[in-house]
Participant: 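Quick one: the structure is below, and I'll ask about it shortly.
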2 protein chains.
Amino acid sequence: MKAELIAAARRFNRTVTQRVGALDDEYMARGRPLAQARLLWEIGPGGAEVAVLRARLGLDSGYLSRLLRTLEGDGLVTVGPADQVGGDARVRAAVLTDAGRAEWAELDRRSDELAWSILEPLTEQRRERLVAAMAEVERLLIASMVVIEPCPPSDPRARACVRAYARDIARRFDDGFDPALSNPVHDEELVPPAGVFLLATLNAEPVGCGAVKLHRDAPAEIKRVWVADSVRGLGIGRRMLDELERYAAERGWAACRLDTNGNLTEAIAMYRSAGYREIEPYNTEYYAHHWFEKHLAP
Amino acid sequence: MKAELIAAARRFNRTVTQRVGALDDEYMARGRPLAQARLLWEIGPGGAEVAVLRARLGLDSGYLSRLLRTLEGDGLVTVGPADQVGGDARVRAAVLTDAGRAEWAELDRRSDELAWSILEPLTEQRRERLVAAMAEVERLLIASMVVIEPCPPSDPRARACVRAYARDIARRFDDGFDPALSNPVHDEELVPPAGVFLLATLNAEPVGCGAVKLHRDAPAEIKRVWVADSVRGLGIGRRMLDELERYAAERGWAACRLDTNGNLTEAIAMYRSAGYREIEPYNTEYYAHHWFEKHLAP
DNA sequence: TCATATGCCTGACTAAAGTCAGGTATATGA
DNA sequence: TCATATACCTGACTTTAGTCAGGCATATGA
């Protein structure tokens, strides 16, 4: 069974990434070296900071610099100080010139053309089936590309997730969310050995989080499970929950508990389907309506 | 609508070919230059003729030769005369040494590993959805990669298709197929301006054919529509039919006719759905049970 | 049997991709 | 304010990829 799944995924990889990928590169290149074309594309009509380009394209700093000089030499790009809010004068940004914008538009047009050349030979029915299957593959691949790892709660990406989490629940709770009324969670409680904060990332971008407090002489407590809208419905929340439970179980805890607000119906459904059973309140959390517990397999 | 389809295909291309493709290459390379790794892989445990490798990998003859020398130098491959039936002493074949076979097995193992690393993070349900969607995408992409082009009927690829066609119908007809009993079709009739032979190819491999005779003062006549098993169910037969009709219509013919055997039920269904109507016999073909005609839009 | 084509090879070359060691200007924390 | 880090840059380099012309041995059709 597993072997069959693997074989199918390999066939897919071979057909799609090799053949379609090669086509893609050829269309993009337009006589120009591929690296230059990709860079031009990535800068885009809105421009981009050099560091961002480096990260997105995974290039060596020197190499990228040289590529930018070449595009500048061809009059397609200008590189200047990035006018960002903070105002770090070391940071520089690349911006397309008029000629560069024209070139970018041409790449965009050709990308459309390539996509259409794939769909065009098919009947309308098959086109729609293909696009639907492509969307499914894409979503599920994205799901599988999400990485869940421990992260200090003080990390800016962790902070961003917790802020997004607070915003989300403020929107969903009947009476908003005032952190002062809620039981506080301190960073130290989410740092080993007291507990852990897990961050879910997609291509290094934070897209979810979750934490567990390992209370002495009490069940572990799950906190702050949150998943970004962009990756909802892909099972990331469930994976996060599993990872948190695993963390607690591996360290000897026999049960996990959590509290939740009655408005978070999908979350409650997820907890139930993950094996959580409703219990009597074990704390006095102002915003909680339900308390759950799950016994962990040893 | 079209724009939406294109946008979806582009998102797919970006996510899949770029990210998964890059992963794929990295896994395959193993410190070795990618071209060498790919070549080693393509030679495979059974060995391969040099010309076949050149065609499959799309490499320059000199470049391939050099790559083979490098692999030979590393003790992974030996290149010698190909022991083929015909015995063309110019043809040479590459064979893996024991070390090469070990390396190949390692690549195979890593390919499995990579495929599994994509599936592993998902729940079993999502894994199966992903694999199903991958298979659908793959099949439909293959369908869209099939190219239909005119080809002289004397071309070896055309001959191979016609032979496969004869084998197929011999298997399906109640009383086999004896070409001597069937109305003959001569090459000259399938060469412009008397008619045309169209060949369907997938990555330069022949996978289907079809022909049309442009009779003077009579409807055009469709002959030898055949599609290889490997690409059946992808609408290639229907596309072939469309192309043949278009060829006739563009040259002024107002109708197409064809005859067919009663056992070829899918073909008959296709003709009907393509707008063909059954007519009285217009010839004395020994193997024909049904005769069809379609009026072409001008 | 001889001109021509084919399959594979080598040598000589170029372009593209990528790496590494500094260097300069700016930011940042003690 | 000073050591250290960061963002980007330049110069010098290597490796990989790919092309082209020509050569040798073998096949093939007239």
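Remember, it's a predicted structure, so these values are computed and weren't measured experimentally. A note on names: the letters A, B, ... follow the listed sequences, proteins ahead of strands, and every chain is numbered from 1. Just so you know, these numbers use all the heavy atoms, side chains as well, and skip hydrogens, waters and symmetry mates.
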Participant: Let's go through Leu68(B) and Ser65(B) carefully: what are the C-alpha distance in whole Å and the side-chain angles of both, what is the deciding distance for side-chain contact (heavy atoms from CB on, under 4.5 Å) to 0.1 Å, and is it a yes or a no?
Facilitator: CA-CA 5 Å; Leu68(B) 284 169; Ser65(B) 216; 5.7 Å; no
Participant: Taking the inter-plane angle between the rings of Phe12(B) and Phe12(A) on a 0 to 90° scale, is it parallel (under 30°), tilted (30 to 60°) or perpendicular (over 60°)?
Facilitator: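 Correct class here is perpendicular.
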Participant: Rounded to whole Å, how long is the line connecting atom CZ of Arg90(A) with atom P of dT26(C)?
Facilitator: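 After rounding, the gap between these two atoms is 10 Å.
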Participant: Could you tell me which non-hydrogen atom of Trp104(A) sits nearest to which non-hydrogen atom of Leu40(A), and how far apart they are?
Facilitator: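 Smallest heavy-atom distance, with atoms named: CD1-O, 3.6 Å.
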Participant: Within residues 55-73 of chain B, which residues have any heavy atom lying less than 4.0 Å from an atom of DNA chain C?
Facilitator: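 Residues of residues 55-73 of chain B under 4.0 Å from DNA chain C: Ser61(B), Gly62(B), Ser65(B), Arg66(B), Arg69(B).
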Participant: Quick one: does any side-chain atom of Glu72(A) pair with a main-chain N or O of Val79(A) as donor and acceptor, under 3.5 Å?
Facilitator: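 Yes, Glu72(A) side chain to Val79(A) backbone: donor-acceptor pair under 3.5 Å.
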Participant: Kindly give the heavy-atom pair with the smallest separation between Ser144(B) and Pro121(A), and that separation in Å.
Facilitator: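 Scanning both residues completely, I find the closest heavy atoms to be O-CG, 3.6 Å.
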Participant: Are the charged groups of Arg66(B) and Asp60(B) less than 4.0 angstrom apart, N to O?
Facilitator: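 Salt bridge flag = no for Asp60(B) with Arg66(B).
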Participant: Using five pairs at either end of the helix from dT1(C)-dA30(D) to dA30(C)-dT1(D), determine the angle between the two local helix axes and round it to 10 degrees.
Facilitator: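 Answer for the end axes of this duplex: 20°.
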Participant: Within a reach of under 6.0 Å around CD of Glu26(A), are more than 12 heavy atoms found that belong to other residues, nucleotides or ligands?
Facilitator: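 No, CD of Glu26(A) has 12 or fewer neighbouring heavy atoms, counting only those of other groups under 6.0 Å.
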Participant: Would you call Glu106(A) and Arg109(A) a salt bridge, using N to O less than 4.0 angstrom?
Facilitator: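 Salt bridge flag = yes for Arg109(A) with Glu106(A).
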Participant: For DNA chain D, which nucleotides open and close the run of contacts to chain A, 5' to 3', at under 4.0 angstrom from a non-hydrogen atom?
Facilitator: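 Nucleotide range with atoms under 4.0 Å of chain A: dA5(D) to dA12(D).
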Participant: Figure out the CZ/P separation between Arg32(A) and dA15(C), and round it to whole Å.
Facilitator: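 Going from Arg32(A) (CZ) to dA15(C) (P), I get 17 Å.
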Participant: Is the shortest distance from a Lys or Arg side-chain nitrogen in Lys223(A) or Glu189(A) to a carboxylate oxygen in the other one below 4.0 Å?
Facilitator: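 Judged by the 4.0 Å cut-off on N to carboxylate O distance, Lys223(A) and Glu189(A) do not form a salt bridge.
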Participant: Applying salt bridge (Lys or Arg N to Asp or Glu O under 4.0 Å) to Asp24(B) and Arg14(A), what does each step give before you reach the verdict?
Facilitator: CA-CA 9 Å; Asp24(B) 218 35; Arg14(A) 189 177 169 81; over 6 Å; no
